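Beneath this line is the structure, given in structure tokens, with notes to follow.
Counting convention: from 1, in listed order, for ligands and their atoms alike. Here the structure is a predicted model, which is why all the values come from computation and not from measurement. By convention here, the first residue in the shown sequence is residue 1. The figures that follow rest on heavy atoms only: side chains count, while hydrogens, waters and symmetry mates do not.
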Amino acid sequence: MTNHLFDAFRASMPAPGRVLMETDDGRSISYGEMLARSAQFAHALVAAGVQPDDRVAVQVEKTPEAMLLYLACVRAGAVFLPLNTAYTLPELDYFFRDAEPRLVVCDPEKAGEVEPLAASAGAATLTLGRDGRGTLTNRANAQPKDFADAARGPDNLAAILYTSGTTGRSKGAMLSHENLASNARVLVEHWRFGADDVLIHALPIFHTHGLFVATNVILMAGARMLFEQKFDPARVISLFPRATALMGVPTFYVRLLQQEGLTRDAASHMRLFVSGSAPLLAETHNAWCERTGHAILERYGMTETNMNTSNPYDGERRAGTVGFPLPGVSLRITDPETGKPQAQGEIGMIEVKGPNVFVGYWRMPEKTKAEFRDDGFFITGDLGLIDADGYVHIAGRGKDLIISGGYNVYPKEIESEIDALPGVSESAVIGVAHPDFGEGVTAVVVRKPGSAISTADIAGAIAGRLAKYKHPKQVIFVDELPRNTMGKVQKNVLREAYRDIYATVRAG
Ligand code: MCA
Ligand code: AMP
């Protein structure tokens, strides 16, 4: 039997006694234990009725067991569906109905509320807590420590990750075993990961960055990770002497730069700092170089495509650019209207093709079709250019998207909630430069005549409906929204008008 992705991990597995992860509470899990425990979790999944191709939806805190559950899903041939711990019950309800998972795994503290939602979507519920305990672990404990991995080929699905849509609801990006295996393999080589590497893993594990880029790379290199529950800048610096690499979103680097302990000496054992998920300001890149002597390596990816480009390991890591297409990835810049190739140096739509690019959106064939060209290139929605030296620059977004602290926020989703409130005539949600989060979610609201709806009313109304990181950091009331001659709201005018509202906010 072959299991495309897990076999790729097995092929690079070091001696069973080598450590895979160390947790911030002092636990250590070896590769041998990972094999045995993921086998037990895989048996528990099968015992819960999970069969190949079934979705397993998971909303749990970051623990080694959560990681083992991901690996167990891969081994059992299930489709892993991780969900941000910030998602509210109405958000979960949508994902369950859309994905129709066989099984939902959630925090025991939330089980009372989650279980009925799961049941109404036809799913069983098991629990996994922040201490690694729960009904899933209890069931796994009684299981054998070896497991015959389900046969899975390159094209079988390994995961579905939801990404919000510019219109309508979130779309589930279907990722195959080969999408994940090929990208991890390329990154290991490109970033020179080897068995002696120790990665500081302080990202959440429900998105591509922490789950695939960080974890799959470590597994594929047979390396080790220091598995941190949360990002704590002082603690991360204290780990530098034991580590070799860090992967983070720009907010990590901004906050680390606020720490006095960040010095050349402190970072002398580290060999690599990677940034992605949102634009890293050249200012941050330069400040980091000055303080530590290291040039941050910036790369560019998407949930749908894994990683597309990276600055070089050797050679110039150019600030403000995302480097070159990774081996095996074709990237072109096209005219957003006609789809024709742009001249070198011209800004246009970034399109990509390669083994990293997803299979399509779950049960949305029309949406999938609309986002691919006939020759198989995926239209990313990001605008960019390729400079004379071949470096790719992201020049903006063709999609109405805000990236706050590395999390994507789609304005439409928030506007719909605000517009539905009595007392609101209309709203426009924009991203405004924010020193800590990169962009701050900001709502510009027009009240209905006679309405006195306040910021607190709006905050209260969306509190239980949208994940916290999507909530506007500021609400601004105006008499009317600026519109162009076509009647379209001019968000660029709003962004310009309110560009300085977070200027005095301190990072961290
Ligand atoms: C937390 N809060 C936020 C964010 N995070 N608000 C806006 N944007 C955020 N990103 C809010 C909380 O709700 C809370 O609000 C307050 O800020 C402090 O919360 P806390 O939990 O203490 O925040 P934190 O731990 O300091 O979190 C900040 C963070 C975190 C460490 C930057 O957001 C984070 O880990 N971001 C990484 C996201 C990520 O992994 N993205 C990769 C996506 P209140 O005080 O009002 O309660 S994958 C991707 O994008 C692609 C594929 C790629 O290329 O990688
Ligand atoms: P997600 O949908 O969470 O996968 O986020 C993907 C989006 O994040 C991309 O389409 C880009 O807009 C953005 N992104 C990721 N990495 C970078 C980067 N290094 N610079 C600028 N934007 C980035």
Side-chain angles (χ1 to χ4, degrees), residues 61-62 82 84-86 88 161-166 170-171 173 175 183 187 201-215 228-233 235-236 247-256 274-282 284-285 296-311 317 319-323 349-350 352 356 358 371 378-384 392-410 431 434 436-442 459 463 466-473 502 505 507-508:
E61 292 297 327
K62 183 178 177 183
N84 195 320
T85 46
T88 61
L161 266 63
Y162 275 83
T163 86
S164 307
T166 36
S170 293
K171 301 169 284 187
L175 294 151
N183 210 235
L187 295 177
H201 190 311
L203 288 158
I205 53 170
F206 36 69
H207 288 308
T208 298
H209 200 163
L211 184 61
F212 301 140
V213 185
T215 307
E228 298 288 297
Q229 272 241 332
K230 279 195 70 85
F231 172 71
D232 171 347
R235 167 140 176 107
V236 164
M247 293 182 194
V249 294
T251 301
F252 279 22
Y253 293 101
V254 168
R255 291 189 183 179
L256 286 165
V274 180
S275 177
S277 307
L280 181 78
L281 296 179
T284 312
H285 182 102
I296 297 173
L297 185 155
E298 185 170 6
R299 73 357 171 236
Y300 157 64
M302 280 182 85
T303 302
E304 287 92 332
T305 63
N306 298 286
M307 298 305 103
N308 294 313
T309 73
S310 170
N311 268 281
R317 299 178 192 166
T321 84
V322 292
M349 179 62 70
I350 300 178
V352 294
N356 54 314
F358 75 137
E371 298 200 22
F378 173 64
I379 307 163
T380 62
D382 291 312
L383 300 175
V392 177
H393 300 234
I394 312 263
R397 294 175 204 133
K399 49 194 174 189
D400 193 13
L401 163 71
I402 300 169
I403 307 183
S404 170
Y407 287 140
N408 283 9
V409 180
Y410 278 89
H434 190 289
D436 188 30
F437 290 123
E439 291 179 291
V441 176
T442 307
L466 296 175
K468 197 72 192 280
Y469 66 86
K470 300 177 187 173
H471 295 194
K473 301 268 178 224
Y502 299 110
V505 174

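For atom 19 (O) of ligand 1, the nearest protein heavy atom lies 4.0 Å away or farther. For atom 52 (C) of ligand 1, a protein non-hydrogen atom is found at a distance below 4.0 Å. Taking a distance limit of 4.0 Å, we find that atom 45 (O) of ligand 1 is approached by no protein heavy atom. Contact annotation for atom 23 (O) of ligand 1: protein absent (non-hydrogen atoms, distance under 4.0 Å). There is no protein heavy atom less than 4.0 angstrom from atom 14 (C) of ligand 1. Note that atom 29 (C) of ligand 1 has no protein non-hydrogen atoms nearby, at separations under 4.0 angstrom.
For Arg255, the closest heavy-atom approach to ligand 1 falls below 4.0 Å. In this structure, Pro204 is part of the shell of residues with a heavy atom less than 4.0 angstrom from ligand 1. Using a 4.0 angstrom heavy-atom cutoff, His471 does not count as in contact with ligand 1.
Close N/O approach between Asn408 and ligand 1 is not found [any backbone or side-chain N/O within under 3.5 Å]. On a distance-only criterion, Gly405 and ligand 1 share at least one N/O pair closer than 3.5 Å. For ligand 1, the polar-atom distance check finds an N/O of Lys468 within less than 3.5 Å of one of the ligand's N/O atoms. Any N or O atom pair closer than 3.5 Å counts here, and Glu298 shares at least one such pair with ligand 2. Geometrically, ligand 1 and Thr303 share no nitrogen or oxygen pair separated by less than 3.5 Å. Polar contact check, Phe437 against ligand 1: no nitrogen or oxygen pair lies under 3.5 Å apart. Below 3.5 Å of separation, one finds an N or O of Arg299 facing an N or O of ligand 1. For Ser277, a nitrogen or oxygen atom sits less than 3.5 Å from a nitrogen or oxygen atom of ligand 2, counting backbone and side chain alike. At under 3.5 Å, not a single nitrogen or oxygen of Thr208, backbone or side chain, sits near a nitrogen or oxygen of ligand 1. On a distance-only criterion, Tyr469 and ligand 1 share no N/O pair closer than 3.5 Å. Of the N or O atoms in Tyr300, none lie within a sub-3.5 Å distance of an N or O in ligand 2.
At the shortest separation from atom 21 (C) of ligand 2 among protein heavy atoms lies Pro279 N, 3.4 Å. Among all non-hydrogen protein atoms, the one lying nearest atom 3 (O) of ligand 2 is Asn408 ND2, 3.1 Å. At the shortest separation from atom 32 (C) of ligand 1 among protein heavy atoms lies Thr251 CG2, 3.7 Å. With hydrogens left out, the protein atom closest to atom 13 (C) of ligand 2 is Ile403 CD1, 3.4 Å, a heavy atom. Counting protein heavy atoms only, atom 6 (N) of ligand 1 is closest to Lys473 NZ, 2.9 Å. Here the protein heavy atom with the shortest distance to atom 17 (C) of ligand 2 is Ala278 N, 3.7 Å. With respect to atom 41 (N) of ligand 1, the closest heavy atom belonging to the protein is Gly406 O, 2.9 Å. Summary of contacts: the protein heavy atom closest to atom 7 (C) of ligand 2 is Gly301 O, 4.0 Å. Residue, atom and distance of the protein heavy atom nearest to atom 38 (C) of ligand 1 are Tyr407 CE2, 3.3 Å. The protein heavy atom nearest to atom 10 (N) of ligand 1 is Ser404 O, 2.8 Å. Protein heavy atom nearest atom 19 (N) of ligand 2, with residue, atom name and distance: Arg299 O, 2.7 Å. The nearest protein atom to atom 21 (O) of ligand 1, hydrogens excluded, is given as Lys230 NZ, 3.1 Å; this is a heavy-atom distance. Annotation: atom 42 (C) of ligand 1 to nearest protein heavy atom, Ser277 OG, 3.4 Å.
Close approach of ligand 2 to Thr303 (heavy-atom distance below 4.0 Å) involves ligand atoms 1 (P), 2 (O), 3 (O), 4 (O). Interface of Met302 with ligand 2, defined as ligand atoms under 4.0 Å from a residue heavy atom, comprises 4 (O), 6 (C), 9 (C), 10 (O).
Among residues two or more places apart in sequence or in another chain, the ring-ring contact (aromatic ring centres under 6.0 Å, His included) test is passed with Phe358 by Tyr361, Phe372, Phe378. For Thr215, the side-chain hydrogen bond (donor to acceptor under 3.5 Å, both in side chains) test picks out His201, with sequence neighbours left out.
Among all heavy-atom pairs drawn from Gly323 and Asn311, the shortest one is N-ND2, 3.4 Å. Here the closest heavy-atom approach between residue Gly210 and residue Ile205 is recorded as O-CG2, 4.0 Å.
Looking at Leu383, Val274, Val322, Asp382, it is Asp382 that brings a heavy atom closest to atom 11 (C) of ligand 2.
At a heavy-atom distance under 4.0 Å, no atom of Ser275 approaches ligand 2. When heavy-atom distances to ligand 2 are checked against a 4.0 Å cut-off, Met307 has no atom that comes that close, whether in backbone or side chain.
Looking only at side-chain heavy atoms (C-beta outward), Met302 and Asp382 come within less than 4.5 Å of each other.
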